[in-house]
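Beneath this line is the structure, given in structure tokens, with notes to follow.
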There are 2 protein chains.
Amino acid sequence: MARQDRSARRSHSESSLEPRLSRASVGRLSLYLRRLEEFQRAGIHRISSNRLGQPLAITDTQVRKDLAFLGRLGQPGIGYDVDDLIGSIRSTLGIDRCWSAALVGVGNLARALLRYNGFIERGFRIVALFDSDLRKVGQAVDDLTIYPVSRMKEIIATTGAELGILTVPASAVQNVADELVAAGIKGLLNFAPGLIRTRPGISVVNVDLTVQLEQLAFLVHLTSTEPLS
Amino acid sequence: MARQDRSARRSHSESSLEPRLSRASVGRLSLYLRRLEEFQRAGIHRISSNRLGQPLAITDTQVRKDLAFLGRLGQPGIGYDVDDLIGSIRSTLGIDRCWSAALVGVGNLARALLRYNGFIERGFRIVALFDSDLRKVGQAVDDLTIYPVSRMKEIIATTGAELGILTVPASAVQNVADELVAAGIKGLLNFAPGLIRTRPGISVVNVDLTVQLEQLAFLVHLTSTEPLS
DNA sequence: GGATGTGAACGACTTCACAGCG
DNA sequence: CGCTGTGAAGTCGTTCACATCC
């Protein structure tokens, strides 16, 4: 019983005939992009795979393999053009435009995310707030009003939000996710513990802070238990 | 030039003679643990790999492989004992005790983390706050006073904090990390973009929210670009 | 029958080695 | 000579298949 979820985990990335961009590669491209923008601001226009990967502890070969997905951008003997790379990574990752997000669950974490400059700097904008707590509904946070979950469909349609950020308790996550999807949301960033089931075509990225902390505890536990060789 | 950082990325996990717990496995063990605690609260004492993995979209084989690291805990034909598993995962991950953390950079994200119940529930306690902004120093957040970075060594020694949580701007991360390590901190949870260089023996886990959002944008971009087969 | 444990097959990702270009 | 691009080799992690035990 229950073996039909074999395909659920690859609800994205169908058709893997040609080498597809792996999740790890996408993450590294994000890192390269930030690094490249620093170089750009510093007025540097040419960069080698070695120098790009070094501060990130990524080998030059790995960098080249990642960048090879973007096409043939490097010049042997010379390196890569910083501006070209930036443009190419942005368009490949789909972040050569703004993304609007709706946020559900206006607690402390939500407020932190709202004021997090990193998102705005990189073209992500939170355009709508929802909360199921009726005492919060109507309140304003920064320049946004908190709406009741019942008006989700309407508000998301008018604001044109495409992404959903979930900062609700674990018990509410699946319901809220379903409603967001019903309202037309295409992707979910979930901060609550516990995975979300969605229909294919909807992307989900989970950020589980507790798991991260437990990873850290494990690593420290390990290095203090195992004597260093 | 600069090829000497080959070993830096495996600053943890030395001696890989026997099969070592991979990062992915550790993450999944965290997830199993939470799931198992739910079962425990529900009064369920026996669980199969199939039922444990199902809601997490993890195959039964994968679950068994992960649990095999803990020893021979399952009974063929029966399954696993929930209490045994919980105890074993906790001790393997090193979270069968409390961990104290010092937090540096008291902004919005820090306040959210301070009030995040998930940490306390799982035995993580934030015991000291630091900020380089002298206007914040002396202020109290919840029941903690914000100390200047200059008193880090002293305060960390008296509070016995072992982990450091960094919610400072990217430009300050490396400096703060160095000071935390000098003060005796063993592991760092870094929320700022950009990697940290540390000496071996110090563990680092990076949580880069922008990278996560960009991953999501890419996935949505991909599914909307590529026609579904 | 129902479940675990595990060697072997498989697949994905990373590194090596080197050809080739500027 | 420096640096990219890339097939080949290697490594790591996941899935399959099946022996085994309750």
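Proteins come first, then strands; the chains are lettered A, B, ... in the order of their sequence lines, and each starts at number 1.
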Carboxylate-amine/guanidinium proximity below 4.0 Å for A/R35 and A/E38: yes

Interatomic distance, A/N50 CG vs D/dG5 P [rounded to whole Å]: 14 Å

Pair B/S25, B/D66: side-chain N/O donor-acceptor within cut-off below 3.5 Å: yes

Side-chain N or O of B/Y80 closer than 4.0 Å to phosphate OP1/OP2 of C/dG2: no

Main-chain N/O of B/V220 paired with B/S224 side-chain donor or acceptor, under 3.5 Å: yes

Between N or O atoms, less than 3.5 Å apart, protein on one side and nucleotides 17-22 of chain C on the other: list the pairs.
| unit_1 | atom_1 | unit_2 | atom_2 | d |
| --- | --- | --- | --- | --- |
| C/dG22 | O4' | A/P76 | O | 3.1 |

Carboxylate-amine/guanidinium proximity below 4.0 Å for A/R34 and B/E214: no

Donor + acceptor pair across side chains of B/Q174, B/D178 (<3.5 Å): yes

Rounded distance (Å) that lies between atom C1' of D/dG13 and atom CZ of B/R28: 8 Å

Criterion side chain to side chain contact (heavy atoms under 4.5 Å, CB included) against B/L29, the qualifying member of B/V63, B/L36, B/I89: B/I89

Distance, rounded to the nearest Å, where B/D81 contributes CG and C/dT4 contributes C1': 15 Å

Residues that A/N206 engages under side chain to side chain donor-acceptor pair (under 3.5 Å), provided they are two or more places apart: A/N190

Phosphate OP1/OP2 of D/dT6 contacted by A/R72 side-chain N/O (<4.0 Å): yes

Protein-nucleotide distance (B/Q62, atom CD; C/dG5, atom P), rounded to Å: 14 Å

Sugar-phosphate only, base, or nothing, as touched by B/S49 at under 4.0 Å among non-hydrogen atoms: sugar-phosphate

Rounded distance in Å - CZ (A/F69) to P (C/dA12): 12 Å

Length of the NZ-C1' vector between A/K65 and C/dC13, whole Å: 10 Å

Nucleotide C/dT4, atom P - distance to CG of B/L67 in whole Å: 9 Å

Value in whole Å for how far the C1' atom of D/dG2 lies from CG of A/D60: 12 Å

